[in-house]
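Below: one structure, written as structure tokens.
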Amino acid sequence: MQTSMKNMERELVCPVCKEMYKQPLALPCMHNVCHVCASEVLLQHGYLCCDPTSEPSSPAATPATRSPRLGRRGVPKPDRLDRLLKSGFGTYPGRKRGTVHPQTISFPCPACQRDIDLGERGLGSLFRNLTLERVVERYRQTINISAAIMCQFCKPPQLEATKGCTECKSSFCNECFKLYHPWGTQKAQHEPTPPTLTFRPKGLMCPEHKEEVTHYCKTCQRLVCQLCRVRRTHTSHKITPVLSAYQALREKLTKSLAYILSSQDTVQTQIAELEETVKHTEVNGSQAKEEVSQLIQGLCAMLEEKRASLLQAIEECQQERLASLHYQIQEHQAMLENSGMVGYAQEVLKETDHPCFVQAAKQLHNRILRATDSLQSFRPAATASFSHFQLDVSRELKLLTDLAFIKVPEAPVIDTQRTYAYDQIFLCWRLPQHSPPAWHYTVEYRKTDTKAKGLKLWQRREEVRGTSALVEYLDTDSVYVLRVKGCNKAGFGEYSEDIYLHTPPAPVLNFFLDNRWGFNRDRLAISKDQRAVRSVPGIPMLFAAERLMTSCHLSIDLVIGDVAVTQGKSYWACCVDPSSYLVKVGVGLESKLQEWFQVPQDVVSPRYDPDSGHDSGAEDTTVDAPPPYAFLTIGMGKILLSHGSALTSRDPNGCTVPLPPRIGICLDYEQGKVSFYDAVSFRE
């Protein structure tokens, strides 16, 4: 315990004065600063602040204990104060010089370097961190640096104080305490306390209403009193008793601290890894500088200035990395069992004053959480590699004036028009126009699973040449996220934006178009690879158009696949030319098709009733009715939506949807269901 307290000094030092906290204020950003230091910071930024040591009876206001910084600062003359007050200044701390109307005060936090909005009341709206004061006082007593406290009322020579009075805010020797607290007076009711230089109120008080805080506003994350609770500011906010907030935050802080204390071996291992990384960073940085020096030395005198700038760039990068790594080491050292932060947390847990504990633990718990996250998701803050500081000296001399370090490729851009998911994922990308070239690429992908507790690990395809790749062996009806990064001599560049692709809802059925029967070769032609069919222009097409114009029946040719489905679920996709006049895509029962077309068992007729079948659309396309067939009617870039009513009775503009680039068909043989999809977005 003694060692832990001694290692805690870093947690108890004000970031402004670099001394131990005196009357610390809790900032909204979860950092602390001395009241006097905060006032001086606001004064430096042009705000007029009330003197925090204005109480004459307070030990902090006596010449013996006043801050040396206040002693160095000149006291404004009375006539100057009159001019300032007459110009429209308020009485609360933090009013900007030269302004008449109320304004919000911005305080530059010295710890996080952010501007903190303190509202119109400035420092008057901040809570005093009494728990931190108690920890500082215990620390001083532990390391024996607290000087003797002298009686403030003795005539020279002063005696050492033996008692303190919170009501009088002074320290007394035994005789002076009796003298200033005579028997039978109101002061005789004052309870003596141990002598101290810092007198604190018994409980945490609301800085605005001077009432004891009793509740905690979860919405504002702030302690509130009874008057604050009924104000409009907290209307509909989640407000809980301070006891509940105390218990919840204490439990969280205890668990987080227990995790850190139980992971000391992991902390030591990570510190060792960081120290090793520092060594490699120093060695590799020196090697990179030496290589650059040897290259530059071979050039003429006109490159000397360039050489200095390049070395400076390496030095800055190295120092930046070393600074990051050293800082990370310090953060991990703070998590050691005997470190300041852990010791401070253990001391805070001793706090029994509920409001004070909530105030201090809220700040500390955020730090503990950050330390826990850093411990769980550990990764060195900087890489030891300096490969991107390589120089290319093969260029012509006229380009030497623009000589610079090789840059890694920029993040590739996924080509969404050419990327799609089928039985495989075909991924295409390109580099931005002015990006450095890439020698090869790394493609990473993983399956997303909302039910899984953690993310799945990335799978990689490394050293991919070119700007496209096939990703195989995927699960059906799943969403995969993919990304790409390029690599050259300088190393790997940034990842592309993630792209999410949905795989088909069933195994993909691969088949060819049957070119032996079922269609009129005068009107249709199947490609050599038996993957596509097109119309043949000529006299037969004119005859078909003539029959249509004269209200005769229309002959439609049937093209079937060479594979029959007899079980399970299958999926396939096709593209339809948007300029096609009339195309039906779907599934039919073989026996019924043969019966309808009135042909022998081994021949399929190209003629059938064009209005038969189930026409479906892109939004409501699941066919629950049993076979014999289900077709989607497509024409002139539209899909006809048919729901069983006559087309003439409906608005013609509301019965079609645009044709997607690719149409997917999913057949569930056992369930007797056919579903149609937009094969790009996999929306039914």
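Scope of the values below: all heavy atoms of this structure, side chains included, with no hydrogens, waters or symmetry mates. What you see is a predicted model, and the numbers here were worked out from it, not measured in a lab.
- Relative to the six-membered ring of Phe357, Arg250 meets both conditions, a distance below 6.0 Å and an angle of at most 45° to the axis.
- Checking side-chain atoms of Ser478 against main-chain N and O of Leu474 turns up no donor-acceptor pair under 3.5 Å.
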Practice task
Would you sort out whether Trp439 and Cys487 count as a side chain to side chain contact (heavy atoms under 4.5 Å, CB included), showing the intermediate values?
Solution key: CA-CA 6 Å; Trp439 293 356; Cys487 179; 5.9 Å; no

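- Rounded to the nearest 0.5 Å, atoms CD (Gln268) and OG (Ser263) are 12.0 Å apart.
- In Glu320, the CD atom is not crowded: 12 or fewer heavy atoms of neighbouring residues, nucleotides or ligands sit closer than 6.0 Å.
- With hydrogens and angles disregarded, a donor-acceptor distance shorter than 3.5 Å links the side chain of Thr448 to the backbone of Val479.
- The closest donor-acceptor contact from the side chain of Arg430 to the backbone of Ile414 lies at 3.5 Å or more, if one exists at all.
- Within 6.0 Å of the CG atom in Asp265, the count of heavy atoms belonging to other residues, nucleotides or ligands does not exceed 12.
- With hydrogens and angles disregarded, no donor-acceptor distance shorter than 3.5 Å links the side chain of Ser435 to the backbone of Pro409.
- Atom CZ of Arg379 is surrounded by 12 or fewer heavy atoms from other residues, nucleotides or ligands within 6.0 Å.
- One distance of note links CG of Leu253 with NZ of Lys362; it measures 11.5 Å at 0.5 Å rounding.
- Within a 6.0 Å radius of CD in Glu494, no more than 12 heavy atoms belonging to other residues, nucleotides or ligands are found.
- Heavy atoms from other residues, nucleotides or ligands lying under 6.0 Å from CD of Gln417 number 12 at most.
- Looking at Asn488, its side chain does come within 3.5 Å of a backbone N or O of Pro437 through a donor-acceptor pair.
- No donor-acceptor pair closer than 3.5 Å links the side chain of Ser496 to the backbone N or O of Arg483.
- Atom-to-atom distance recorded for Leu325:CG and Glu275:CD is 11.0 Å, nearest 0.5 angstrom.
- No donor-acceptor pair closer than 3.5 Å links the side chain of Gln424 to the backbone N or O of Ala421.
- Going from atom SG of Cys317 over to atom CD of Gln312 covers 11.5 Å, rounded to the nearest 0.5 Å.
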Practice task
Determine, stepwise, if the pair Glu315 / Gln319 fulfils side chain to side chain donor-acceptor pair (under 3.5 Å).
Solution key: CA-CA 6 Å; Glu315 185 66 27; Gln319 294 303 323; 2.8 Å; yes

Handout entry: Verdict with reasoning, Glu444 to Tyr495, per side chain to side chain donor-acceptor pair (under 3.5 Å)
Key = CA-CA 9 Å; Glu444 297 185 356; Tyr495 284 103; 2.7 Å; yes

Practice task
Begin with the C-alpha distance, continue with both residues' side-chain angles, and end with the deciding distance and a verdict on side chain to side chain donor-acceptor pair (under 3.5 Å) for Ser385 and Ser387.
Solution key: CA-CA 6 Å; Ser385 173; Ser387 59; 3.2 Å; yes

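- Annotation: the span from Ile260 atom CD1 to Thr372 atom OG1 amounts to 4.0 Å, rounded to 0.5 Å.
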Exercise for the section: Would you sort out whether Glu347 and Lys350 count as a salt bridge (charged side-chain N to carboxylate O under 4.0 Å, His left out), showing the intermediate values? Expected result: CA-CA 5 Å; Glu347 290 299 314; Lys350 296 177 181 179; 2.9 Å; yes

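- Applying the 6.0 Å contact sphere to CD of Glu497 captures no more than 12 heavy atoms from other residues, nucleotides or ligands.
- Aromatic ring orientation, Tyr246 versus His354: parallel (interplanar angle below 30°, classes split at 30° and 60°).
- Within the 6.0 Å centre-distance limit, the rings of Phe378 and His332 are counted as a close aromatic pair.
- Ring planes of Tyr420 and Phe426: tilted class, angle from 30 to 60°.
- Counted within 6.0 Å of CD on Gln376, heavy atoms from surrounding residues, nucleotides or ligands total more than 12; the atom is thus considered enclosed.
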